[in-house]
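Read the structure below first, then the notes.
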Amino acid sequence: LKIIGNTDGLINIALSNTHFTATHDTLSFTSKLVEARFPNYQGVIPTPTPQVARVNKTLLKQALRRAAILSNEKSPAIYLAFNNNSLQIESNNAENEAVEETLNIEFASKKDKTTLCLNANYLMETIYNVDSEFIVFKISDVKTAIIIENDDQKSSNICVTMPMVV
């Protein structure tokens with residue numbers, strides 16, 4: 001309906017058990033109605049998350065971009081080691097080239113160190129969609145999905161990313 005724009009004409013709407021149709025002049029839009037229960041998305045969001053890291057988004061994006069260059073093309077794994085108040089980012093490839101970067105972060109955890117292996121492409125895509133200056137990682141353990149979200153309270157959007165099994 002947005003394609004039609006502002007108009008004084010009538011829009012005809014038809015609804016059946018299986019389809020929805022909107023028609024205006026020579027434009028017709030039809031969509032199939034799907035009858036199903038929405039999956040329980042809350043089941044994949046880990047709780048509790050006893051480890052929380054706060055990272056500067058700009059610095060993290062720059063470091064991930066550099067690390068992704070040397071990651072394996074077929075399986076672009078990047079290792080994130082959260083340790084006290086630092087984040088160590090590592091990647092390597094089949095040619096024995098490697099990169100290691102360290103960022104200062106805020107990290108609250110009962111563990112001394114937590115290392116995750118994540119797909120570089122998925123992680124960068126997620127980070128590009130976070131709208132705050134800082135990103136918050138909420139981690140349960142190395143085998144459970146991690147939560148990545150805005151640092152500010154303006155948005156209730158959260159991203160869930162699964163670690164890679166290597």
Cut-off 3.5 Å, no hydrogens considered: what does the side-chain donor-acceptor table look like for residues 117-124, sequence neighbours left out?
{"from": "Asn119", "atom 1": "OD1", "to": "Asn121", "atom 2": "N", "distance (Å)": "2.8"}
{"from": "Asn119", "atom 1": "OD1", "to": "Tyr122", "atom 2": "N", "distance (Å)": "3.1"}

Can you name the closest pair of heavy atoms from [X] and [Y] and give their distance?
X     : Y     : value
Ala22 : Ile11 : CB-CG2, 4.3 Å
Leu33 : Ser16 : CD1-O, 3.6 Å
Thr58 : Asn56 : N-OD1, 3.0 Å

Mind checking whether [X] and [Y] have side chains closer than 4.5 Å, heavy atoms only?
X      : Y      : answer
Glu90  : Asn92  : no
Asn157 : Glu149 : no
Asp151 : Glu133 : no
Asp131 : Asp152 : no
Ile78  : Ile89  : yes

So if you build clusters from Ile, Leu, Val, Met, Phe, Trp, Tyr with side-chain heavy-atom gaps below 4.5 Å, do [X] and [Y] land together?
X      : Y      : result
Leu80  : Val99  : no
Leu59  : Leu87  : yes
Val160 : Ile135 : no
Tyr79  : Ile105 : no
Ile147 : Tyr128 : no

Is [X] reaching over with its side chain to a backbone N or O of [Y], donor-acceptor style, under 3.5 angstrom?
X      : Y      : answer
Ser75  : Ala77  : no
Ser140 : Pro48  : yes
Ser71  : Ser91  : no
Thr144 : Asp141 : no
His24  : Asn12  : no
Ser86  : Thr102 : no

Only one of Leu60, Thr161, Thr114 passes side chain to side chain contact (heavy atoms under 4.5 Å, CB included) with Phe137; say which it is. Leu60

Measure the spacing between [atom1] of [X] and [atom2] of [Y] and express it to the nearest 0.5 Å.
X     : Y      : atom1 : atom2 : result
Thr30 : His19  : OG1   : NE2   : 7.0 Å
Asn85 : Leu103 : CG    : CG    : 12.5 Å
Asn83 : Ser109 : CG    : OG    : 9.5 Å
Phe82 : Thr115 : CZ    : OG1   : 9.0 Å
Ile13 : Phe29  : CD1   : CZ    : 11.0 Å
Lys57 : Leu64  : NZ    : CG    : 12.0 Å

Run through Glu101, Lys113, Glu100 and flag the one making a side chain to side chain donor-acceptor pair (under 3.5 Å) with Gln88. Glu100

